[in-house]
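Sequence positions, counted from 1, serve as the residue numbers for this chain.
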Amino acid sequence: MAQTSKRRNFNVADKKLNLTHKKDLRIILNDFNLVLNDGDKAVIIGEEGNGKSTLMKWIYNPSLVENYIEADGERIMGHERLGYLPQEMLDEDKEKTIYEYFSEEEIFWEKTPKELSVIVGKFGMKNDFFYSNQTMGSLSGGEKVKTQLMRLFIRDVSVLLLDEPSNDIDIATLTLLEKIINDWKHIVLFISHDETLIERTANMVIHIEQIIRKTKARYTVAKLPYRRYVEERLHKFEIQKQRALSDRREKKIRDEKYQRVMQSVQGALRSCTRQAPSVAKNLKDKMHTVKAMERRFEKEDENMTQMPEQEEAIFVKLGGDENSHIPAGKTVIEYELSKLVTPDGKRILAEGIHLKIKGSEKICMIGANGGQEKRLF
């Protein structure tokens, strides 16, 4: 990786990267190449199972995927310091206290109280948060994301690798995440299915696909905002589709004309008698010409515009048919709760709740992470 005082870039695969599953030999990426520069906020998108997280793990540390992936490629990192936020917190980290989690970083002890105060301020946490005896596993989804990001900030990383950071976080934390990505001066590479987050942050799209019924890997790198990428992709597909349809119409007309000529020559040959050898010779020459036309048409068909291939999401529907519904007046759920407290009895989470849902009503439960609304279920 070339580095200057003004601009840096992180080359993910100087040599074309190939990722293949060891078990079924399915190709995830073929001849993949990516260069990220300061200021790039690149999002990796694609359907589940297409290898987004595998690619990110390889970028961070190839040893994380070596048990199930055959990788051929090269990372050129230069002096970049990579910070990785996994999709799921490691089990061993869940058992640690917050204090233990941060104290594992040697640089944590080199930070001044003022520097630590600035970091907790960015994340809206209290100054004594670093020294809490609360276990990491007991944190809410948003608190876990904040805590892991704070440790990356303490490490002074220059590249943020975030694997679906918006999962299981509240609106306030999601807003904070958007700000962190947008304010980051260096490189951010993240995976997300949240179109709002993507639209508000990403200026580059990396689209990983498995097309033709998951038998062929394809990727696209577009230095475009997400919405523009989607619009240009759809426009390109529509143009390709119209060209393919036009080619097929022309092919049909051509083939019908060819069949008429072929049938005419074959019919003339069958009715030709031995008393007309010159006529027979002319007909055979014409047949050779017709056969040559067929071979030429076959080559033309190889270059015919193909219908656009795009990956289709798998749709699964559970329950009755599309016309079935619950009567509007029928009570589906009736729920009363006098009080809900934490296991230690020190904190009241909810009280005096009476919930009654009728018919096809759709109820959304909202609140900040840590409100334990999931316990109501």
Side-chain angles (χ1 to χ4, degrees), residues 13 15-21 24-34 45-51 55 70 72-73 205-224 226-315:
K15 296 178 180 178
K16 298 290 188 177
L17 172 64
N18 299 293
L19 296 179
T20 306
H21 268 290
D24 59 9
L25 302 181
R26 181 167 65 91
I27 297 174
I28 296 176
L29 282 172
N30 185 39
D31 288 344
F32 179 79
N33 188 62
L34 175 67
I45 64 172
E47 296 297 329
E48 294 291 345
N50 284 5
L55 172 61
E70 185 71 35
D72 177 25
V205 176
I206 301 156
H207 191 175
I208 300 177
E209 300 176 273
Q210 292 283 324
I211 59 175
I212 314 179
R213 297 184 180 181
K214 301 285 186 182
T215 62
K216 181 180 178 182
R218 181 175 72 186
Y219 77 91
T220 304
V221 176
K223 293 201 171 186
L224 297 170
Y226 174 72
R227 185 52 52 192
R228 186 176 164 192
Y229 166 72
V230 172
E231 291 171 353
E232 291 193 3
R233 171 184 168 89
L234 292 176
H235 180 64
K236 178 182 176 182
F237 279 1
E238 183 60 27
I239 291 175
Q240 184 179 344
K241 178 183 176 181
Q242 294 305 320
R243 287 177 179 170
L245 291 173
S246 177
D247 286 355
R248 279 156 179 73
R249 285 192 295 269
E250 292 178 2
K251 180 181 185 304
K252 182 179 180 181
I253 294 172
R254 184 204 69 191
D255 289 349
E256 289 175 350
K257 183 178 179 180
Y258 170 80
Q259 287 300 324
R260 288 195 297 270
V261 173
M262 172 67 80
Q263 291 169 5
S264 174
V265 175
Q266 287 176 336
L269 275 173
R270 283 195 297 268
S271 61
C272 183
T273 65
R274 293 184 179 181
Q275 285 73 25
S278 61
V279 175
K281 182 179 185 304
N282 289 336
L283 287 173
K284 289 179 180 179
D285 290 342
K286 191 169 185 179
M287 179 59 76
H288 286 305
T289 302
V290 172
K291 290 290 187 180
M293 288 174 58
E294 182 181 25
R295 290 191 293 271
R296 187 176 79 248
F297 291 160
E298 289 175 351
K299 290 183 179 180
E300 289 178 357
D301 291 346
E302 292 176 359
N303 298 320
M304 186 171 62
T305 305
Q306 300 299 311
M307 293 294 287
E309 286 281 357
Q310 55 182 321
E311 186 175 37
E312 298 294 342
I314 298 174
F315 177 74

### Message
Measuring from atom NZ of Lys252 to atom CG of Asp247, what distance do you get when rounded to the nearest 0.5 angstrom?
### Response
15.0 Å

### Query
Hey, is Glu48 close enough to Lys214 for a salt bridge, meaning N to O under 4.0 Å?
no

### Query
Is there a side-chain contact between Val290 and Tyr258, using heavy atoms and a 4.5 Å cut-off?
yes

#### Entry: Val221/Leu34 under side-chain contact (heavy atoms from CB on, under 4.5 Å): CA gap, chis, key distance, verdict
CA-CA 8 Å; Val221 176; Leu34 175 67; 4.0 Å; yes

### Task
Please determine which of Arg295, Met293, His288 meets the side-chain contact (heavy atoms from CB on, under 4.5 Å) test together with Lys291.
Arg295

### Task
Evaluate side-chain contact (heavy atoms from CB on, under 4.5 Å) for Ile45 paired with Val205, printing each intermediate quantity in order.
CA-CA 7 Å; Ile45 64 172; Val205 176; 3.8 Å; yes

### Query
Stepwise, does the side-chain contact (heavy atoms from CB on, under 4.5 Å) test hold for Arg248 with Met304?
CA-CA 8 Å; Arg248 279 156 179 73; Met304 186 171 62; 4.1 Å; yes

### Task
Could you tell me whether the side chain of Thr220 reaches within less than 4.5 Å of the side chain of Tyr229, counting heavy atoms only?
yes

### Query
Given side chains that start at C-beta, do those of Arg233 and Phe237 come closer than 4.5 Å, heavy atoms only?
yes

### Task
Could you tell me whether Arg228 and Glu232 make a salt bridge, using a distance below 4.0 angstrom between a side-chain N and a carboxylate O?
yes

### Query
With a 4.0 Å cut-off, would you call Asp301 and Arg254 a salt bridge?
yes

### Query
Under 4.5 Å between any side-chain heavy atoms of Met262 and Met287, yes or no?
yes

## Note on the structure
Between Arg26 and Gly49 the two heavy atoms that sit nearest each other are NH2-O, 3.3 Å

### Summary
Interatomic distance, CG@Leu29 vs CG@Leu19, rounded to 0.5 Å, equals 5.0 Å

## Note on the structure
Correct closest heavy-atom pair for Gly51 and Ile28 would be CA-CG2, 3.7 Å

#### Entry: Nearest non-hydrogen partners of Ala217 and Gln210, listed with the distance
CB-NE2, 3.6 Å

### Task
Please round to the nearest 0.5 Å and tell me the distance separating atom CD of Gln263 and atom CD of Gln266.
7.0 Å

### Message
Using only atom types and a distance under 3.5 Å, with no angle test, would you say the side chain of Tyr219 pairs donor to acceptor with the backbone of Asp31?
### Response
yes

#### Entry: Interatomic spacing from CD in Glu300 to CD in Glu250 - rounded to 0.5 Å
10.0 Å

### Task
Indicate yes or no: at least one non-hydrogen side-chain atom of Leu17 is less than 4.5 angstrom from one of Leu55.
yes

### Query
Rounded to the nearest 0.5 Å, what separation is found between the CD atom of Glu231 and the OH atom of Tyr226?
10.5 Å

### Query
Is there a donor-acceptor pair under 3.5 Å between the side chain of Gln306 and the backbone N or O of Ala244?
no

#### Entry: Separation of Asn30 CG from Lys16 NZ (nearest 0.5 Å)
9.5 Å

### Message
What verdict does the side-chain contact (heavy atoms from CB on, under 4.5 Å) test give for Glu47 and Asn50, after you've listed the backbone C-alpha separation in whole Å, the side-chain angles of each residue and the deciding distance to 0.1 Å?
### Response
CA-CA 6 Å; Glu47 296 297 329; Asn50 284 5; 3.9 Å; yes

